[in-house]
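Naming: A, B, ... by sequence-line order, numbering from 1 per chain.
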Amino acid sequence: QVQLMQSGAEVKKPGASVNISCKTSGYSFTSYYIHWVRQAPGQGLEWVSMMNPSGGSAKYAPKFQGRASLTRDTSTSTVYLHLSSLQSEDTAMFYCARDSGFAVATFILDDYWGQGTLVTVSP
Amino acid sequence: DIQMTQSPSSLSASVGDRVTLTCRASQSVSTYVNWYHQKPGKVPKLLIYGASSLQSGVPSRFSGRGSGTDFSLTISSLQPEDFGTFYCQQTYSLPSFGGGTKVEIK
């Protein structure tokens, strides 16, 4: 069955960087785009970025351009989100989610989400 | 960036009530709007895509409509399990979500 398994919670100091992984299984890794969504405590959803695992290209929300980067490892079917220059406002749950479209980005996030990774930024 | 504005920000309604949530885009997004439902501590669940298409497995009491800048999600008969927050999302350009409408059951 399709699964997206994220890495564990992180605690970082302001100014530091964080790497979060999203290991996928149960389907063809290169056939579906992967998205990242952020949710601060008690707040709404915020789209961060997406990657085409086939070629490795990525797009970013303007707010995260230059501070976020996505990479992938096709041998382990894993996508990584790197977020730099962390501030307290970055304290949030980060989710990876699979696009609903086969080999195309629809930006519709249907049934397959990771469990979330809590990133806490605190002095 | 396209901004999505949801209203109301919260509401309280009784089981069986008809409830309508609205979402307005800062520019036309055609019908590239989706609706999600999120319960506390859970990941969002897709309800409606393409403004009005019901996602497989979603109860028929949920319906969506709209095009251009104005969209709505209607729950025809509110059920106890419908508590939580509802989000609209535009996918006309790089996606963005509305701020959410929190639904409480009286």
Pairs of donor and acceptor atoms under 3.5 Å between chain B and chain A, please, with atom names and distances.
{"from": "B:Y36", "atom 1": "OH", "to": "A:L109", "atom 2": "N", "distance (Å)": "3.0"}
{"from": "B:Q38", "atom 1": "OE1", "to": "A:Q39", "atom 2": "NE2", "distance (Å)": "2.8"}
{"from": "B:Q38", "atom 1": "NE2", "to": "A:Q39", "atom 2": "OE1", "distance (Å)": "2.9"}
{"from": "B:Y87", "atom 1": "OH", "to": "A:Q39", "atom 2": "NE2", "distance (Å)": "3.4"}
{"from": "B:Q89", "atom 1": "NE2", "to": "A:F107", "atom 2": "O", "distance (Å)": "3.0"}

Taking ring pair (Phe, Tyr, Trp, His ring centres under 6.0 Å) as the cut-off, I'd like each qualifying pair that reaches into residues 56-76 of chain B, sequence neighbours left out, listed once.
none
Do the non-hydrogen side-chain atoms of B:L73 and B:T20 ever get within less than 4.5 Å of each other?
no
B:R61: side-chain contact (heavy atoms from CB on, under 4.5 Å) partners, not counting sequence neighbours:
B:P59, B:I75, B:S76, B:Q79, B:E81, B:D82
When you compare the side chain of B:D17 with that of B:V15, does any pair of heavy atoms fall below 4.5 Å?
no
Using non-hydrogen atoms only, which part of B:P44 is less than 4.5 Å away from chain A: side chain, backbone, both, or neither?
both
What pairs meet the disulfide (SG to SG under 2.5 Å) rule with one or both residues in residues 54-95 of chain A, with sequence neighbours excluded?
none
Do you know the tightest heavy-atom contact between A:C96 and A:I34?
CB-CG2, 4.2 Å
